[in-house]
Amino acid sequence: MRHPDDFVSRVIGVVESIPPGRVMTYGDVAAAIGSRGARAVGGVLAHYGSTLPWWRVIRASGHPAAGHEAEALERLRVEGTPLAPSSRGARVRLDAARYTPE
DNA sequence: ACGGTGACTAACC
DNA sequence: CGGTTAGCCACCG
């Protein structure tokens, strides 16, 4: 069990708020909860990701989570996320799909 | 308390 | 565009 406003719970809350077809970078999620720990956000997703829309959290480069590119791109494509061709298959058009929680 | 560890990032080359 | 490097941060043993 965890306290409602600890790091993990905050990250989970933000990730759950990302609408289909939109994305946030690890850094965006961290910033949204007043942190700069992009890596720490990755750590939370690595552990609790299975219960969350983890594919909507991508790297600042527009590429999906390291080690999960294939499945993430598939899911992103299904929900109509703006993608652009890239050397490594495809990457998200951050300028069009980036989401900022209010 | 401390050091190692990552689903990270910006800056350089 | 690809490889390297130094920061960054929460978590765990």
Side-chain angles (χ1 to χ4, degrees):
Chain A
M1 245 345 230
R2 303 199 109 75
H3 201 265
D5 56 326
D6 69 358
F7 188 78
V8 174
S9 298
R10 282 169 172 270
V11 168
I12 291 177
V14 173
V15 174
E16 289 180 327
S17 79
I18 308 174
R22 308 292 298 289
V23 302
M24 282 182 85
T25 67
Y26 292 94
D28 289 343
V29 175
I33 62 177
S35 167
R36 279 186 306 173
R39 299 191 72 149
V41 170
V44 172
L45 288 181
H47 191 78
Y48 303 92
S50 52
T51 61
L52 304 165
W54 56 267
W55 57 93
R56 295 180 193 146
V57 180
I58 66 179
R59 291 183 260 178
S61 62
H63 290 122
H68 299 255
E69 288 85 359
E71 186 182 352
L73 284 174
E74 164 61 21
R75 290 175 175 283
L76 289 167
R77 182 156 43 68
V78 170
E79 52 183 57
T81 308
L83 301 176
S86 116
S87 52
R88 313 217 272 99
R91 66 175 191 170
V92 175
R93 296 192 194 192
L94 267 173
D95 50 315
R98 197 168 214 156
Y99 171 68
T100 305
E102 302 180 49

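So you know, we letter chains A, B, ... as the sequences are listed, proteins then strands, and number each from 1.
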Chemist: Mind checking the CZ-CG spacing from Arg22(A) to Leu76(A)? Nearest 0.5 Å is all I need.
Modeler: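 Reported to 0.5 Å precision, the distance equals 13.0 Å.
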Chemist: Has Glu69(A) got a side-chain atom pairing as donor or acceptor with Gly67(A)'s backbone, closer than 3.5 angstrom?
Modeler: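 Confirmed, Glu69(A) side chain pairs with Gly67(A) backbone.
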Chemist: Tell me, which of residues 89-102 of chain A have any heavy atom that sits under 4.0 Å from an atom in DNA chain B?
Modeler: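 Correct list: empty, so none.
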Chemist: So which heavy atom on Ala65(A) is nearest to which on Tyr26(A), and how close?
Modeler: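 In terms of heavy atoms, the two residues are closest at CB-OH, 3.1 Å.
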Chemist: Could you please spell out the steps behind the side chain to side chain contact (heavy atoms under 4.5 Å, CB included) verdict for Arg98(A) and Val92(A)?
Modeler: CA-CA 9 Å; Arg98(A) 197 168 214 156; Val92(A) 175; over 6 Å; no
Chemist: Once rounded to the nearest 0.5 Å, what's the spacing between atom CG of Leu94(A) and atom CD1 of Ile58(A)?
Modeler: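 Going from CG on Leu94(A) over to CD1 on Ile58(A), the span is 4.0 Å.
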Chemist: With a 4.0 Å cut-off on heavy atoms, is Val8(A) in touch with a base, just the backbone sugar-phosphate, or nothing at all?
Modeler: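 Answer is sugar-phosphate: Val8(A) comes under 4.0 Å of backbone atoms only.
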Chemist: For Arg91(A) and Ser86(A), work out which heavy atoms get closest and say how close.
Modeler: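 Heavy-atom minimum between the residues: CG-CB, 4.0 Å.
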Chemist: Taking all non-hydrogen atoms of both residues into account, name the closest pair between Thr25(A) and Ala60(A) and its distance.
Modeler: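 In this case the closest contact between Thr25(A) and Ala60(A) is CG2-CA, 3.9 Å.
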Chemist: Take N1-N3 plus N6-O4 or O6-N4 for Watson-Crick, N1-O2 plus O6-N3 for G-U, both under 3.5 Å. Which runs of 3 or more such pairs involve DNA chain C?
Modeler: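 Only these stems qualify: B:2-6 with C:9-13, B:8-13 with C:2-7.
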Chemist: Give the rounded distance in Å between these two atoms: CD of Glu69(A) and P of dA7(B).
Modeler: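 Computing the Glu69(A):CD to dA7(B):P distance gives 12 Å.
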Chemist: Evaluate whether atom CZ of Arg59(A) has more than 12 neighbouring non-hydrogen atoms of other residues, nucleotides or ligands under 6.0 angstrom away.
Modeler: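 Yes, CZ of Arg59(A) has more than 12 neighbouring heavy atoms, counting only those of other groups under 6.0 Å.
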Chemist: As an exercise, state the distance from OG1 of Thr100(A) to CE of Met24(A), rounded to the nearest 0.5 Å.
Modeler: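 The OG1 atom of Thr100(A) sits 6.5 Å away from the CE atom of Met24(A).
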Chemist: So Ser35(A), base contact, sugar-phosphate only, or nothing? Heavy-atom distance under 4.0 Å.
Modeler: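 The residue Ser35(A) makes sugar-phosphate contact but no base contact.
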Chemist: dC8(B) C1' sits how many Å from Phe7(A) CZ, rounded?
Modeler: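 Computing the Phe7(A):CZ to dC8(B):C1' distance gives 11 Å.
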Chemist: Any idea which heavy atoms bring Ala72(A) and Pro64(A) closest together, and the distance?
Modeler: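 Of all heavy-atom pairs spanning Ala72(A) and Pro64(A), the closest is CB-CB, 3.5 Å.
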Chemist: Does Tyr48(A) or Arg36(A) map to a spot on DNA chain C nearer the 5' end, using the closest nucleotide for each?
Modeler: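 Looking at DNA chain C, the more 5' nearest nucleotide goes with Arg36(A).
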Chemist: Measure the CG-CD1 distance between Asp28(A) and Ile33(A) for me, rounded to the nearest 0.5 Å.
Modeler: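 Result: 12.0 Å between the selected atoms.
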Chemist: Mind checking the NE2-NE2 spacing from His68(A) to His63(A)? Nearest 0.5 Å is all I need.
Modeler: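 It is 16.0 Å, given to the nearest 0.5 Å.
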Chemist: Do any N or O atoms of the protein come closer than 3.5 Å to N or O atoms of nucleotides 2-6 of chain B, and which pairs are they?
Modeler:
from, atom 1, to, atom 2, distance (Å)
dG6(B), N9, Arg39(A), NH2, 3.1
dG6(B), N7, Arg39(A), NH2, 2.9

Chemist: At a heavy-atom distance below 4.0 Å, which nucleotide of DNA chain C is the first touched by chain A, and which is the last?
Modeler: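 Taking any atom under 4.0 Å from a heavy atom of chain A, the span is dG2(C) to dC11(C).
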Chemist: Can any side-chain N or O of Arg75(A) pair as donor or acceptor with the backbone N or O of Trp55(A) at less than 3.5 Å?
Modeler: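 Not at all, since once roles are kept as given, no pair shorter than 3.5 Å links the two residues.
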Chemist: Tell me every residue that passes salt bridge (Lys or Arg N to Asp or Glu O under 4.0 Å) with Arg93(A), counting only those two or more places apart in sequence or in another chain.
Modeler: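 Partners of Arg93(A) by the salt bridge (Lys or Arg N to Asp or Glu O under 4.0 Å) criterion come out as none, since no residue qualifies.
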Chemist: Output the residues of residues 20-28 of chain A in contact with DNA chain B, where contact means a heavy atom of the residue under 4.0 Å from an atom of the strand; sort by number or write none.
Modeler: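 By residue number: Thr25(A), Tyr26(A), Gly27(A).
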Chemist: Output the distance between atom CD1 (Ile12(A)) and atom OG (Ser17(A)), rounded to the nearest 0.5 Å.
Modeler: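 Result: 12.5 Å between the selected atoms.
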